[in-house]
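Take a look at the structure below.
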Amino acid sequence: SSVMYLRLTVLLLLFNRVLFDRLAVLFTVLGVLGVAGGSVWVLLGQRKLEAGQEREAASNKNPLQISTAFVFATLFVGILMATRAAFEWFGTAGLYILAGIMGLVDVDPFILGLTQTSNAGDLVAAAAAAIVVATASNNLAKAGYATFFGGWPLGRYAAIALAAMSGLSLLALWVL
């Protein structure tokens with residue numbers, strides 16, 4: 001979840017320098033804070049594992065399969081159309097609502113769509129705020145997933161950390 005901020009910073013650098021300039025410091029700070037906090041959590045968890053608890057093996061799938069790429073491309077085009085329609089029909093409020101919804105699923109296609117917007121001042125400000133809303137929503141969704149799948153005893157730590165990251169993101173909207 002913390003690497004999401006660093007990954008998005010790189011995507012913004014590659015696809016929209018104006019959005020990068022607005023969000024790079026915020027996303028770098030959030031990414032570094034999250035990675036540092038996650039590292040401490042992992043180190044503390046590692047000590048518990050060394051004390052005798054077993055770890056479940058994770059299964060990995062190849063994310064570069066053609067079916068995965070096709071699904072991503074289809075999602076990207078659909079989300080790009082929805083983003084433009086939301087902004088044209090409902091203005092910035094529609095864009096922010098869509099950002100909150102998209103954060104529940106996958107932020108990458110939504111944010112890549114926003115990087116294709118005009119570099120005009122009003123659109124950039126709205127796009128930057130929508131990106132922050134989407135990342136905050138995504139972290140809240142992950143907090144819910146952690147609690148649901150990990151149960152309250154384990155998931156609460158992740159939920160608290162992810163909710164804090166969301167709160168810090170949303171606080172930054174006053175600066176943007």
Side-chain angles (χ1 to χ4, degrees), residues 1-12 23 25-76 78-79 82-83 86 94-114 128-176:
S1 294
S2 302
V3 173
M4 168 187 69
Y5 291 108
L6 303 175
R7 185 185 76 242
L8 291 177
T9 303
V10 171
L11 287 176
L12 292 173
L23 296 172
V25 172
L26 171 65
F27 281 1
T28 301
V29 168
L30 289 171
V32 169
L33 281 175
V35 168
S39 297
V40 169
W41 188 16
V42 167
L43 290 173
L44 293 175
Q46 187 65 34
R47 288 187 185 146
K48 289 181 182 178
L49 285 173
E50 291 169 359
Q53 295 178 352
E54 291 186 25
R55 182 185 302 197
E56 281 186 41
S59 64
N60 294 321
K61 282 179 60 177
N62 182 358
L64 299 178
Q65 292 176 339
I66 191 71
S67 60
T68 305
F70 181 72
V71 168
F72 184 83
T74 303
L75 273 173
F76 178 74
I79 291 169
T83 302
L95 190 61
Y96 300 152
I97 291 168
L98 184 61
I101 293 168
M102 295 311 323
L104 299 175
V105 189
D106 187 8
V107 296
D108 291 340
F110 176 70
I111 291 170
L112 285 172
L114 287 175
I131 290 170
V132 171
V133 169
T135 58
S137 172
N138 189 259
N139 277 334
L140 288 177
K142 291 174 187 174
Y145 302 150
T147 304
F148 180 78
F149 292 112
W152 183 246
L154 176 63
R156 73 175 180 250
Y157 298 113
I160 290 167
L162 289 163
M165 294 293 282
S166 292
L168 289 173
S169 296
L170 293 175
L171 280 175
L173 285 176
W174 279 293
V175 177
L176 296 175

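Below, all heavy atoms of this structure are taken into account, side chains as well, without hydrogens, waters or symmetry copies. Since this is a predicted model, take the numbers as computed values, not measurements.
Annotation for G155 and T147: closest pair O-OG1, 3.8 Å, computed over non-hydrogen atoms. Scanning all heavy atoms of the two residues, the minimum distance from M165 to L30 falls at CE-O, 3.0 Å. L98 and A86 make their closest contact through CD2-CB, 3.9 Å (heavy atoms, listed as atom of the first residue, atom of the second, distance). Annotation for Y96 and A130: closest pair CE2-N, 3.8 Å, computed over non-hydrogen atoms.
D108 places a side-chain heavy atom less than 4.5 Å from the side chain of L8. Taking 4.5 Å as the limit, some side-chain heavy atom of L95 sits within range of a side-chain heavy atom of L114. The shortest distance between side-chain heavy atoms of I131 and L12 falls below 4.5 Å.
In this structure, S2 OG and L162 CG are separated by 7.5 Å, a value rounded to the nearest 0.5 Å. Distance CG/L104 to CG/L140: 8.5 Å, rounded to 0.5 Å.
Remark: side-chain polar atoms of S137 are not paired, donor with acceptor, to backbone N or O of V133 under 3.5 angstrom. Formation of a donor-acceptor pair under 3.5 Å by the T135 side chain with backbone atoms of V132 is found in this model.
Listed by chain and residue number, Y5 satisfy the ring pair (Phe, Tyr, Trp, His ring centres under 6.0 Å) test with F27 (two or more places apart in sequence, or in another chain).
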| request: Test L11 against I111 for side-chain contact (heavy atoms from CB on, under 4.5 Å), laying out the working first. | output: CA-CA 9 Å; L11 287 176; I111 291 170; 5.8 Å; no
| task | Carefully, step by step, assess T9 and L23 under the rule side-chain contact (heavy atoms from CB on, under 4.5 Å). | result | CA-CA 7 Å; T9 303; L23 296 172; over 6 Å; no
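None of L112, V107, D106 except one satisfies the side-chain contact (heavy atoms from CB on, under 4.5 Å) rule with P109; the exception is D106.
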